[in-house]
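Keep in mind that what you see is a predicted model, and the values were worked out from it rather than measured.
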Amino acid sequence: MTGNLKNLFFKHREYIYIMLIAITFMAYVLSYALLSISTFLFVLFFLSDTRSNLKLKWSQIKSNKIILLFVLYFVFQCIGLSYSENFDYGLKRVNTILPTLFLPAIIYVEYLDKNLFYKVLRFIRLYVIVVFTIFLSIHVFIDQLSLHVFALFVLTEKLGISQFYMVFIFVIPIIFSLDELIARKNVILNIFYIICLLFFVFLFSNKTSILMLVLVFSIKLIDHFKNEKLLFKLFIFFVTPMLLALLVYNTTGIKHKFNIMLKSTDFNIEIIKTKNKVTYTKNTLEHRLLINYLSLEEIINHFPFGTGTGDYQDVLNNSYQEVYFKLGIKEKFNNHNQYISEALKTGILGFSIFIILLYCLFKSVNLKNQYYFIILLFFTIGCFFESYLDRQHGVIIFSFMIPLFYVYENQIKE
């Protein structure tokens, strides 16, 4: 009986793997707990292989420079934990980034059936639209709340997921639908899907998400019209994103946020300190400028090894107290910048490993690898505005989505 089950498992191993991938994408928009379970199921799946295959995979892991850099990144977080005073917080941070130790290695060496994964992408597109339509219906008809607070109540309060993270699960089906549209497959249906997906991204009212959308359309247009005359390409490249940006700007939430930012932003750090000492301000750009300023001071004070993985948030909180940053004291803001966060946590060594890892990931880019390139580019840009690796969803983007789409698009090339 056991032998039959074992044979059945190996016979359908690639289907089980693709199911694990699908479950991880599904869990991404629903549950932290389910996402954690699906992540660690990959370890069990990886180990449930023949001895000869495990030896082969281990050999591939040891010879893959990017996998070793992911492992080294995790190791430096552990080293930073060793000289932290707040060991409990540091342990929590290490636990959050634990998938960087094993997920990239598993994704890079497991066989991915490109045809099965294509079906997963098609399913995820429909799944995301259906799930968020249900969320929206509950928000409007049951909770009786307005559309402009959808992101605040549904994403932030109910799901506990920032728009910075959620937009990635929308970018993937948008690229998928654009590719099908360009290939003239199911034109009407794909236009409908794109409109639905864009509608939900607009509801997020997030400026960085909009930047990502503009970049998606720009990259796809450049690729599609690469053989056209230069003047035509320039016209398409500039006009289409501008029209999209204009459409988005006139979405109530985005327009309101831009107006606040344009009318109230100062770049003199002393003025920003004074404003945030007096009241709870709403200018997120000024918040980031002040946080970055305070973080850079602490990076210099703790050069070259950083504060330690467990102490960087305590150090930031103390800085907020020193300048009486009212909202920072209340909310205990993280760095909102992954690059600065790495330099603050683990100093020049941890920061360098993170930069080298991103550089090596970009070296693997082929402009035909649209998913991989766009997601990696978005993550890299987003790291200037958000500490992605402080949250489980950011770690999944970094250690699961980016390697997965690299493998998928290399399968397509072959």
Working to the nearest 0.5 angstrom, can you tell me the gap between Leu81 CG and Lys92 NZ? 13.0 Å

Students often mix this up, so state it plainly: with edges at 30° and 60°, are the rings of Phe153 and His139 parallel, tilted or perpendicular? tilted

Residues at least two apart in sequence or cross-chain that pass salt bridge (Lys or Arg N to Asp or Glu O under 4.0 Å) with Glu157, listed by chain then number, are none

How far does OH of Tyr312 sit from OG of Ser387, to the nearest 0.5 angstrom? 6.5 Å

In terms of ring plane angle, is the pair Tyr320 and Phe333 parallel, tilted or perpendicular, where the classes change at 30° and 60°? perpendicular

Rounded to the nearest 0.5 Å, what's the gap from OG on Ser162 to CZ on Phe204? Could you check? 10.0 Å

I'd like to know whether the aromatic ring centres of Tyr339 and Phe351 sit less than 6.0 Å apart in this structure. no

Return the CD1 to CD1 distance between Ile402 and Ile375, rounded to the nearest 0.5 Å. 7.5 Å

Please list all pairs meeting salt bridge (Lys or Arg N to Asp or Glu O under 4.0 Å) that have one or both residues in residues 335-354, counting only residues at least two apart or in different chains. Glu342-Lys345

Name all residues meeting the ring pair (Phe, Tyr, Trp, His ring centres under 6.0 Å) criterion together with Phe123; count only those two or more places apart in sequence or in a different chain, and write none if there are none. Tyr127

With sequence neighbours excluded, residues passing salt bridge (Lys or Arg N to Asp or Glu O under 4.0 Å) with Asp49: Arg13, Lys57

Residues pairing under salt bridge (Lys or Arg N to Asp or Glu O under 4.0 Å) where one sits in residues 122-136, two or more places apart or in two chains, turn out to be Arg125-Glu180

Residues forming a side chain to side chain contact (heavy atoms under 4.5 Å, CB included) with Ile134, sequence neighbours excluded: Val130, Ile138

